[in-house]
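Contents: one structure, followed by commentary.
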Number of protein chains: 2
Amino acid sequence: MVPDNRRRALLDAAAKFFGRRGFAGTSIRDISAEVGMLPGSMYYHFSSKEALLLAVHEEGVHHIEESVRRALAKSSGNPWQRLEEACVAHLEALLGGNEYVQVVTPQFTRLLPADLSKQLVVQRDSYESLFATLVDAVELPRGVNRRLLRLTLLGSLNWTLIWYRKGGDSPAQIAQEIVRLFRVRLDEGSDGI
Amino acid sequence: MVPDNRRRALLDAAAKFFGRRGFAGTSIRDISAEVGMLPGSMYYHFSSKEALLLAVHEEGVHHIEESVRRALAKSSGNPWQRLEEACVAHLEALLGGNEYVQVVTPQFTRLLPADLSKQLVVQRDSYESLFATLVDAVELPRGVNRRLLRLTLLGSLNWTLIWYRKGGDSPAQIAQEIVRLFRVRLDEGSDGI
DNA sequence: CCTACCGATCGGTAGG
DNA sequence: CCTACCGATCGGTAGG
């Protein structure tokens, strides 16, 4: 029965500002004012600005990872279908409106001080290896660079954060179309065409 | 015979810091110290921190655009070949070590104040429409979303900034492999297979 | 370009 | 969580 609504509110506000203005571009005063708190009071809930970001990032990773794990738990398809379902879940989490996920991208991390950046990478680690496992399971024709496929597929999905606007195709449709862009021919390797 | 070495040095230092730490994460003092100048002296060369960024960004866009235009001027291939050559030139400019180009990406722009962000988008405008023209010229099978292809291809290329390290495949090889990932099957539409 | 400086804002803290 | 405050740093300027 602990009323950590204040902590929750701080996290929400931090996610919003960090995602839109970046870490350096956001002040403790921005965040605390958003929740009607005085700047110093934030330090009752978090030990530092960096600790706040770590908490936001962890929750963002968790949100995406759970979305994908749920999708995979329901899936019984072949490797290509599982990969596609994972991509759909990934994009639904990424574009679904959750503010925390905006902070879960290497482009965001790259601008941070090295030590802070490393801690975020650790938080993403298990999710990224999950994704690698899915790509590894897929059959490919000889000569296709599996690592490049993984990086390019993930990059294409994450890049939607830049251009996606509500009102057009749904995140799920976009993910399916993107996977199809890669899959169609590559998939033939396993069909023997 | 104007010795604008100092202006040049400021631009170089700004490109370096903006690219690595972001706009908000870089101070005038970082930049001026890098070139052995006092903070106030920068304002003799540029009217504001924003003006400095605008100049860096403009040069970054110019660098990429010229690389692509040169490649296209030499090219006499079909639309797919021209698109591939443009992608190669794009990636060679992006990964070739020029510090200015790190600032030429929507992910960087997204964190900026809206009015500044808009000015950068204007600077990128002509280059992006050049790229759109190339994608428009390519033959595609029915059902392939041309806009999505363009966004995904460009996203894949730009995403290499995240993971590219010297020592592996060259930027040109990576660009060719990425285009092939998209092209192989899509291209068949025009071959009637 | 330097000197010398401005007011504003920064992340963070002591004490309650 | 607020009060009250700290030293450091910020973008920028006047005057030369």
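Protein chains get the first letters and strands the later ones, always in sequence-line order, with residue 1 at the start of each. Quick caveat: nothing in here was measured; it's all calculated off a predicted structure.
Tested against A/Y127, the residues A/H90, A/H62, A/H63 include a single ring-ring contact (aromatic ring centres under 6.0 Å, His included) partner, A/H90.
Here the CH2-CZ distance, from A/W163 to B/R147, works out to 6.0 Å after rounding to the nearest 0.5 Å.
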For this session: Carefully, step by step, assess A/S67 and A/E92 under the rule side-chain hydrogen bond (donor to acceptor under 3.5 Å, both in side chains).
Result: CA-CA 8 Å; A/S67 171; A/E92 284 179 332; 5.4 Å; no
Problem set entry | Stepwise side-chain hydrogen bond (donor to acceptor under 3.5 Å, both in side chains) check, B/D12 with B/Y100 | CA-CA 8 Å; B/D12 286 351; B/Y100 292 70; 2.5 Å; yes
For this session: Tell me, with the steps shown, if A/C87 and A/L157 meet side-chain contact (heavy atoms from CB on, under 4.5 Å).
Result: CA-CA 8 Å; A/C87 289; A/L157 294 172; 3.6 Å; yes
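Annotation: proximity of residues 110-122 of chain A to DNA chain D (heavy atom, distance under 4.0 Å) is found for no residue.
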Seminar exercise, completed: With sugar-phosphate taken as primed atoms, P, OP1 and OP2 and all else as base, the protein-contact string of nucleotides 11-16 of chain C at under 4.0 Å (heavy atoms; B, S, -) is BBB---
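Counting to the nearest Å, the P atom of D/dT9 and the CD1 atom of B/I31 are 17 Å from each other. Here the P atom of nucleotide D/dT9 and the CZ atom of B/R21 are 13 Å apart, to the nearest Å.
In this structure, the side chains of A/L53 and A/L116 come closer than 4.5 Å at one or more pairs of heavy atoms. In this structure, the side chains of A/H57 and A/R124 come closer than 4.5 Å at one or more pairs of heavy atoms. B/L111 places none of its side-chain heavy atoms less than 4.5 Å from the side chain of B/F23.
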Exercise. How is the base pairing of DNA chain C summarised as a dot-bracket string, given the Watson-Crick and G-U wobble criteria with both distances under 3.5 Å, [ ] for crossing and | for another strand?
Worked result: ||||||||||||||||
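Between B/D30 and B/R21, at least one side-chain N (NZ, or NE/NH1/NH2) sits under 4.0 Å from a carboxylate O, which counts as a salt bridge. Looking at A/K74 and A/E85, no side-chain N of the basic residue comes within less than 4.0 Å of a carboxylate O on the acidic one, giving no salt bridge.
Checked against D/dC1, D/dT3, C/dT3, the side chain of B/L38 finds its nearest nucleotide in C/dT3.
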